[in-house]
Amino acid sequence: MTLIKRFLGRIFLSFRKFQLKRSKKVRFGPKSYFSRGSSFGGSNYLSTQAKLINSELGFASYIGMESLISKAKIGKYTSIGPYVKCIFGNHPTHTFVSTHPAFFSVRKQSGFTFANNQLFPEFAQPIAEGVPYTIEIGN
């Protein structure tokens, strides 16, 4: 069953890429990827191995090679360079001495914790009510 899902997923992605190339003039580098929850404003480019996950890419914006953009709303005419990682975690940069999760998280990401309870929200809140994006990059 997993092989069938993977095969159908690849067919869907290939068909969707073809549609976007024709209708919105989106270009895709080798091994680039976007999820079903992603949208394109038009005249976009995903470079080699770039990944756009559940995000919105504004008109004429592009993403450099091996970049990963997740849950982001990106404005028009925006240039994202190579190797950029935009993910949806938070770090307590103003209230704690260290950003290491052992000091504020009970999830034990490193295998241990010093916290008895969760002291900081680790996952960013949406940029607006009813919006799925946690990162907003303007134009």
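Here the structure is a predicted model, which means the values were calculated and not measured.
- No more than 12 heavy atoms of other residues, nucleotides or ligands lie within 6.0 Å of CZ in Phe7, so this atom counts as exposed by the packing criterion.
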*Go through the steps to decide whether Lys24 and Ser43 satisfy the test side chain to side chain contact (heavy atoms under 4.5 Å, CB included), and finish with yes or no.*
CA-CA 6 Å; Lys24 295 199 173 197; Ser43 296; over 6 Å; no
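- Of the possible donor and acceptor atoms, one in the side chain of Thr78 sits under 3.5 Å from a partner among the backbone N and O of Gly138.
- For Ile137 against Cys86, the heavy-atom pair with the smallest separation is CD1-SG, 4.2 Å.
- Separation of atoms CD (Glu136) and OG (Ser55) is listed at 12.0 Å; rounding is to 0.5 Å.
- Relative to the six-membered ring of Phe12, Arg36 meets both conditions, a distance below 6.0 Å and an angle of at most 45° to the axis.
- You'll find the side chain of Ser105 reaches within 4.5 Å of the side chain of Gln118, heavy atoms only.
- No donor-acceptor pair closer than 3.5 Å links the side chain of Ser67 to the backbone N or O of Ala50.
- With hydrophobic clusters built from ILVMFWY side chains whose heavy atoms lie under 4.5 angstrom apart, Leu46 shares a cluster with Val84.
- Screening Ile135, Ile80, Leu57 for a side chain to side chain contact (heavy atoms under 4.5 Å, CB included) with Ile69, the sole residue that qualifies is Ile80.
- Contact of the Ile127 side chain with the Thr134 side chain is not registered, since no non-hydrogen atoms from C-beta on lie closer than 4.5 Å.
- Tracing side-chain contacts under 4.5 Å through hydrophobic residues (I, L, V, M, F, W, Y), one reaches Phe112 starting from Phe103; they form part of the same cluster.
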*Apply side chain to side chain donor-acceptor pair (under 3.5 Å) to Asn54 and Ser35, showing your working.*
CA-CA 6 Å; Asn54 297 327; Ser35 68; 3.1 Å; yes
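- Contact of the Ser32 side chain with the Met65 side chain is not registered, since no non-hydrogen atoms from C-beta on lie closer than 4.5 Å.
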*Is there a side chain to side chain contact (heavy atoms under 4.5 Å, CB included) between Ile53 and Tyr33 once you walk through the steps?*
CA-CA 8 Å; Ile53 311 296; Tyr33 173 81; 3.5 Å; yes
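- Using a 4.5 Å cut-off on side-chain heavy atoms (C-beta onward), Tyr62 and Ser47 make no contact.
- Atoms OG and CD1, from Ser61 and Ile74 in turn, are 7.0 Å apart once rounded to the nearest 0.5 Å.
- Taking the centre of each ring, Phe40 and Phe34 come in below the 6.0 Å mark.
- In this structure, Thr113 and Lys108 have side chains that are in contact, with non-hydrogen atoms separated by less than 4.5 Å.
- Taken to the nearest 0.5 Å, the CZ atom of Phe15 stands 10.0 Å off from the CG atom of Leu20.
- The distance from atom CG of Leu13 to atom CD1 of Ile11, rounded to the nearest 0.5 Å, is 11.0 Å.
- Among all heavy-atom pairs drawn from Ala115 and Val106, the shortest one is O-CG1, 3.7 Å.
- One hydrophobic cluster, built from ILVMFWY side chains closer than 4.5 Å, cannot hold both Ile63 and Tyr133; they sit in different ones.
- Here the CD atom belonging to Glu56 is positioned 14.5 Å from the NZ atom belonging to Lys71, to the nearest 0.5 angstrom.
- When ring centroids are compared, Tyr45 and Phe28 stay outside the 6.0 Å threshold.
- Residues Asn139 and Lys76 share a closest heavy-atom pair of CB-O, 2.7 Å.
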